[in-house]
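Heads up: the structure comes next, in structure tokens.
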Amino acid sequence: MLLEITFIILKILLIIFPLMIFIAYLTYFERKVIGAIQLRKGPNVVGPFGLLQPIADGIKLLTKETIFPQNSNKFIFAFSPILTFALALLSWAVIPVDYKLVLSDINVGIMYIFAISSLGIYGIIMAGWSSNSRYAFLGALRSAAQMISYEVSIGLIIISILLTAGSLNLSEIVLSQQNYWYAIPHFPMFVIFFISTLAETNRAPFDLPEAESELVAGYNVEYSSMTFGLFFLGEYGNMILMSAMTTILFLGGWLPPFDNDFFNLIPGYIWFLLKVSFLLFVFLWVRATLPRYRYDQLMSLGWKLFLPLSLFWIIITSVILFYLK
Amino acid sequence: MITYLFYFFSFLIVCSSFLVVFSNNPVHSVLFLIFTFFNSAIIFLLMNAEFLAMTLVIVYVGAIAVLFLFVVMMLNISESVLKEGFLKYFPFGLILIVIFISELFLVYNSDTIMIPDNIKINISEMTNLGFDNTKLLGLYLYTDYFIIFQISGFLLLLAMIGAIVLAQTDLSKIKLNSSINQKKIRKKDIIKLN
């Protein structure tokens, strides 16, 4: 019993530590990529090629003072960044990085991820409310409305993938893509899913919750030091998670693009990492390229375009599957 | 082990549902309500009903409770107004409680309620065959309980249409930006050099 528990804790740490390093270096990667796109150098002072920059940033955040605003609700104010960060890590329990390389291979894995990511709203809305600040509250309301709207289309797209795969288990969804990745037959949904993940993680061009030109910084205006750091880490953790989810649902998870000897030499988790990194690069590319959406445009895109399209796609998918059977 | 966990989480459920009623701040009430939903999902998990647990979290915690929280935050209800109506509404609440408890007794005392006459699927046989409960639930809903399932779907549709009708206002009175019309505007239509 005790041995089992220590074994599980060890496995959890084996997931969390690489993930934390990945998150830290994602911020470095972002600054380098955006720097390259804007013809700058990006961070290059701390360590060789600026590689120690994320660590320096982390130390800076840790040593600053945590400020609690007057009249704020102290407990909820402190709890919401912790919740955001914890939820960003929690979903990794069911993500299969390679064949059988997963902490818990549960039957309803995809629903678990969907449930956990739908909880992410609470961290933001509680932060906005407890800060007792207009800007934070407006940012939180925007963010919550945006995340709910795009979650609907994400859910419907997941349903059409589930129908094709015939399983709720993430490993089985990946294994059912051995002949072709779902990005090929479901290509329109792949595009919509990616755009929805941009909105779901509050990234540019949908970063309205923290639109600095109108709302200062949105829901995290009042946060400082490590409480802000946890929001920041949570956002980047969610980016990686959403990329991993897109990889599993559409890009064949750990499977190589073609089933030949040369590609099979490379281990599955490397393929997984490559695909996730590519999607993350697109995240950053989009951020450096596109201007921010206006709020009503964002809402009409979600409800009037993505929702009907993904609903229509479910019907098409189920009809085709019914006749192929 | 499972029994102890069950008692622990049901204790949490009871405590937090009391706090939903008795906490002074309405936002805290909603947060405790969310905590209650979450713990009920864990109770489902302990009973191996993982599909129901996840649906509970997705539907209630992820969607409905967020809207509750939205409304409560926006309304800014003051505590004194909330306390005022307590005696007025208490008899009505009492009647509701009595109805609920008697319904619970009815359900627990009879085995026949809500079960169709000709059940074709044997649940224990299916679990022995290795079906997971998501598949079983689907099989049940689309065969033996098909009519009830359809009726509840129509009820939800009715609620949705009702909500749309209630929320609909006269659009001609509101100034709306249509992004299609905005895209049609060309530079030479707006900027004139004289």
Side-chain angles (χ1 to χ4, degrees), chain A residues 1 4 73 75-76 79-80 83 87 90 94 104 106-122 124-126 128-130 132 137-138 140-145 147-149 151-152 154-155 158 162-163 166-169 172 293-301 304-305, chain B residues 1 23-28 30-35 37-38 41-42 44-45 48-76 127 130-138 160 164 174-183:
Chain A
M1 185 71 192
E4 262 176 46
N73 195 317
F75 176 74
I76 296 179
F79 181 64
S80 37
L83 183 74
L87 289 176
L90 212 54
V94 294
S104 103
I106 57 173
N107 277 330
V108 287
I110 188 75
M111 290 189 76
Y112 172 82
I113 292 185
F114 193 59
I116 296 294
S117 69
S118 71
L119 291 180
I121 300 169
Y122 286 108
I124 288 168
I125 201 168
M126 276 156 65
W129 178 76
S130 63
N132 202 17
F137 190 56
L138 282 174
L141 285 183
R142 274 187 178 189
S143 172
M147 283 167 90
I148 292 174
S149 316
E151 217 157 65
V152 178
I154 285 186
I158 286 176
L162 294 183
L163 286 172
S167 171
L168 289 169
N169 185 311
E172 279 174 33
Y293 258 55
R294 213 174 52 207
Y295 194 69
D296 62 316
Q297 289 175 334
L298 170 96
M299 280 299 166
S300 69
L301 182 73
K304 291 184 182 167
L305 197 67
Chain B
M1 184 69 183
S23 56
N24 283 324
N25 193 330
V27 175
H28 289 175
V30 179
L31 291 178
F32 280 120
L33 186 68
I34 293 159
F35 191 59
F37 284 148
F38 202 75
I42 292 172
F44 274 130
L45 270 186
N48 285 328
E50 70 261 6
F51 184 81
L52 277 181
M54 294 307 153
T55 330
L56 189 80
V57 174
I58 291 171
V59 174
Y60 282 91
V61 183
I64 293 175
V66 176
L67 297 179
F68 273 13
L69 202 60
F70 245 64
V71 172
V72 168
M73 279 177 178
M74 302 287 265
L75 283 180
N76 213 357
T127 37
F131 280 87
D132 50 16
N133 63 43
T134 315
K135 210 165 219 164
L136 271 178
L137 206 67
M160 194 171 85
I164 292 171
I174 304 168
K175 244 189 165 179
L176 278 176
N177 277 331
S178 157
S179 43
I180 299 164
N181 286 339
Q182 286 175 334
K183 288 253 175 67

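Computation of the quantities below employed the complete heavy-atom set of this structure, encompassing side-chain atoms and omitting hydrogens, waters and symmetry-equivalent molecules. A note on names: the letters A, B, ... follow the listed sequences, proteins ahead of strands, and every chain is numbered from 1.
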Requested in this report: For the pair A:Ile76 and B:Leu31, evaluate side-chain contact (heavy atoms from CB on, under 4.5 Å) and give the outcome as yes or no after the intermediate values.
Outcome: CA-CA 10 Å; A:Ile76 296 179; B:Leu31 291 178; 3.4 Å; yes
Report task. Report, as yes or no, whether the 6.0 Å neighbourhood of atom CZ on B:Phe37 holds more than 12 heavy atoms from other residues, nucleotides or ligands. Result -> yes
Query raised in the report: So do A:Leu168 and B:Met54 actually touch side chain to side chain, heavy atoms under 4.5 Å?
Result: no
Report task. Check B:Ile58, B:Val57, B:Val66 against A:Leu119 for a side chain to side chain contact (heavy atoms under 4.5 Å, CB included) and give me the one that passes. Result -> B:Val57
Query raised in the report: If you look at every heavy atom in A:Ser118 and B:Gly62, which pair is closest and at what distance?
Result: OG-CA, 3.7 Å
Report task. Tell me, for B:Leu69 versus chain A, whether the close heavy atoms (under 4.5 Å) come from the side chain, the backbone, both or neither. Result -> side chain
Requested in this report: Please check if atom CZ in B:Phe68 has more than 12 non-hydrogen atoms from other residues, nucleotides or ligands closer than 6.0 Å.
Outcome: no
Query raised in the report: Around atom CZ of B:Phe70, are there more than 12 heavy atoms of other residues, nucleotides or ligands at under 6.0 Å?
Result: yes
Requested in this report: Using modelled atom types only, decide if a donor and an acceptor are shared between the side chain of A:Tyr112 and the backbone of B:Glu50 within a distance under 3.5 Å.
Outcome: no
Query raised in the report: What is the minimum heavy-atom distance between B:Ile34 and A:Tyr122, and which atoms define it?
Result: CD1-CE2, 3.2 Å
Query raised in the report: Based on non-hydrogen pairs under 4.5 Å, which of B:Ala63, B:Ala41, B:Ala65 is most in contact with chain A?
Result: B:Ala65
